Amino acid sequence: MQSGRSAAPVVAIVGATGAVGIELLGCLERRNFPMSELRLFASARSAGKTLPFRGKPLAVRELTEDGLNGVNIGLFSAGSSTSKRFAPVAVSKGAVVVDNSSAFRMDAGVPLVVPEINPASVREHKGIIANPNCAAIISITPLWPIHRTNRIRRLTLSTYQAASGAGAAAMEELRESTRAYLDGREYRNTVLPHPYAFNLFSHNTRIDPATGYNEEETKVIQETRKIFGDSEIRVSATCVRVPVLRAHCVSLTFECERPISAAAVREILAGAPGVKLVDDPEKNYFPMPKDASGQDPILVGRIRQDLSDPSGHSVAMFVAGDQLLKGAALNAVQIAEQLL
Ligand code: A2P
């Protein structure tokens with residue numbers, strides 16, 4: 001986007017018909033994002049469809065290079081291969097791309113941004129800004145204010161990841177396979193590698209034979225270091241897909257440089273941006289996907305001392321965040337707002 005441009009930007013959503021794309025439309029509308037034009041792109045399969053925006057149907061077009069002429073801000077969420085091919089084209093035509101895929105996240109010249117954590121790095125972009133992995137955003141947004149107060153030197157986490165992270169087709173597979181299971185019908189899974197209804201499985205990404213970690217776990221580990229600007233933080237992750245439609249949960253245990261109490265963590269998080277405490281031991285009420293779905297803040301609770309660390313440096317907690325909102329579309333639109 002050219003500096004000094006005063007008119008409202010032309011915005012494009014690439015992957016507008018997808019699970020994240022639909023939420024991008026919703027976030028732009030809800031947050032009253034200033035635009036002179038909004039263009040919706042998807043694959044040729046969707047050309048001619050319409051999606052509602054500000055009370056009117058907006059046509060979806062097949063993504064082409066020419067379609068990107070004149071675009072100022074491109075919000076890309078159509079997978080890595082589409083981003084690799086079309087994001088540089090959009091940039092060459094003068095756009096700034098906020099990319100939700102993993103294509104550029106670990107590139108040295110590409111900022112990887114969670115606006116509550118490292119908003120200033122947006123300014124270092126050379127055309128592309130990467131939106132982090134959803135499990136990484138949901139895990140580390142509540143950890144940042146703690147890390148700033150008392151550096152986290154070691155983090156162990158386990159995720160409980162919803163179908164939405166694998167796209168609209170995976171959400172449909174969860175619905176359909178659940179119906180089939182309850183009706184006693186056979187269902188052959190085609191999107192995810194294992195039966196999904198009333199089951200859970202290790203995250204559906206390739207495992208690195210050298211480390212034993214899958215790609216999702218590796219992303220969480222590497223992206224935490226990049227976003228925190230702390231290459232020394234030690235992270236171990238176990239990523240699991242659970243039969244939930246759209247909000248991810250994460251169990252987090254972290255060890256700080258200095259002793260830290262559960263009460264201190266609760267106090268830090270009570271005023272933290274992008275976070276809401278849901279921590280009621282009396283009622284046994286803690287973060288749940290059903291409460292996080294459709295919500296902007298990440299819900300945090302079950303905050304307690306980690307009893308396996310008698311030195312008092314470690315705390316455990318449980319979070320739930322909407323994968324499609326803060327884990328993807330909302331974070332991307334918050335980044336775009338920094339460009340205005
Ligand atoms: P389409 O609906 O036409 O397939 P999800 O992550 O929910 O699966 O969504 C993926 C999004 O990316 C959809 O909007 C999809 O469009 C879009 N998409 C997939 N492949 C391409 C492509 N080659 N060019 C443009 N958009 C694509």
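Bear in mind that the values here come from a model prediction, so they are computed numbers and not experimental data.
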Side-chain (N150) to main-chain (R258) donor-acceptor, under 3.5 angstrom: yes

All salt bridge (charged side-chain N to carboxylate O under 4.0 Å, His left out) counterparts of E215, not counting sequence neighbours: R206

Donor-acceptor contact below 3.5 Å, side chain R225 vs main chain I233: yes

Pair Y181 + F198: ring centers closer than 6.0 Å: yes

From OG (S81) to CZ (F86), nearest 0.5 Å: 9.5 Å

Atom pair OG (S102) and NZ (K84), whose distance is rounded to the nearest 0.5 Å: 7.0 Å

Check: F76 ring centre within less than 6.0 Å of F104 ring centre: no

Given L324, V333, D322, the one that forms side-chain contact (heavy atoms from CB on, under 4.5 Å) with E23: L324

Same apolar cluster (I L V M F W Y, side chains within < 4.5 Å links), L330/I13: no

Cluster link V220 to Y160, ILVMFWY, side chain under 4.5 Å: no

Output field: ring centroids F228/H147 closer than 6.0 Å: yes

Path from Y196 to V244 over hydrophobic side-chain contacts below 4.5 Å: no

Salt bridge present between R151 and D230 (N-O < 4.0 angstrom): yes

Side chain N214, main chain E217, donor-acceptor under 3.5 Å: yes

Cluster link L325 to I22, ILVMFWY, side chain under 4.5 Å: no

Side chain N199, main chain P195, donor-acceptor under 3.5 Å: yes

Distance in Å, E255 CD paired with S314 OG, rounded so as to fall on 0.5 Å steps: 4.5 Å

Short side-chain to backbone donor-acceptor contact, D279 and M317, under 3.5 Å: no

Residues that T224 engages under side chain to side chain donor-acceptor pair (under 3.5 Å), provided they are two or more places apart: none

Partner residues of E267 under the salt bridge (charged side-chain N to carboxylate O under 4.0 Å, His left out) criterion, sequence neighbours left out: none

Output a table of donor-acceptor pairs, distance under 3.5 Å, between side-chain atoms of residues 166-180 and any protein atom two or more places apart or on a different chain; print 'none' if there are none.
residue: E172; atom: OE1; partner: R175; partner atom: NH1; Å: 3.0
residue: E173; atom: OE1; partner: Y187; partner atom: OH; Å: 3.4
residue: E173; atom: OE1; partner: T190; partner atom: N; Å: 2.8
residue: E173; atom: OE1; partner: T190; partner atom: OG1; Å: 3.4
residue: E173; atom: OE1; partner: V191; partner atom: N; Å: 3.0
residue: E173; atom: OE2; partner: V191; partner atom: N; Å: 3.4
residue: E173; atom: OE2; partner: L192; partner atom: N; Å: 3.1
residue: E176; atom: OE2; partner: R179; partner atom: NH1; Å: 2.5
residue: S177; atom: OG; partner: E173; partner atom: O; Å: 2.7
residue: S177; atom: OG; partner: L174; partner atom: O; Å: 3.4
residue: T178; atom: OG1; partner: L174; partner atom: O; Å: 2.6

R39/E37 salt bridge by N-O under 4.0 Å criterion: yes

Between CG on residue L269 and OG1 on residue T141, distance to nearest 0.5 Å: 11.0 Å

Over 12 non-hydrogen atoms of neighbours within 6.0 angstrom of NZ in K276: no

G109 backbone acceptor or donor facing D107 side chain under 3.5 Å: no

Contacts of type salt bridge (charged side-chain N to carboxylate O under 4.0 Å, His left out), residue K56, not counting sequence neighbours: none

Exam field: side chain S77 to backbone G21, donor-acceptor pair closer than 3.5 Å: no

N/O donor-acceptor pair under 3.5 Å between T64 side chain and G67 backbone: yes

Donor-acceptor under 3.5 Å (K226 side chain, S231 main chain): no

Point-to-point distance, once rounded to the nearest 0.5 Å, from CD1 of I335 to CD1 of I73: 11.5 Å

Donor-acceptor under 3.5 Å (N118 side chain, L112 main chain): yes

Connected via hydrophobic side-chain network under 4.5 Å: V60 and V20: yes

Within 6.0 angstrom of R123 CZ, more than 12 heavy atoms from elsewhere: no

Test log, rule side chain to side chain contact (heavy atoms under 4.5 Å, CB included), inputs V113 and N131: CA-CA 6 Å; V113 180; N131 204 39; over 6 Å; no

Can I get a per-line list of side-chain donor-acceptor pairs under 3.5 Å for residues 295-302, giving both atom names and the distance, sequence neighbours left out?
residue: D296; atom: OD1; partner: R30; partner atom: NH1; Å: 3.4
residue: D296; atom: OD1; partner: R30; partner atom: NH2; Å: 3.1
residue: D296; atom: OD2; partner: R30; partner atom: NH1; Å: 3.0

Whether over 12 other heavy atoms sit under 6.0 Å from R153 CZ: yes

Flag for S83-D99: side-chain donor and acceptor within less than 3.5 Å: yes

Any donor-acceptor N or O pair under 3.5 Å, side chains S236, Y213: yes

Distance-only polar pair, side chains of S164 and Q323, donor-acceptor under 3.5 Å: yes

Full working for side chain to side chain donor-acceptor pair (under 3.5 Å) between Y285 and D291: CA-CA 11 Å; Y285 207 106; D291 289 343; 2.7 Å; yes

Value rounded to 0.5 Å, distance of CD in E216 from OG1 in T159: 7.0 Å

Any L51 side-chain heavy atom under 4.5 Å of P57 side chain: no

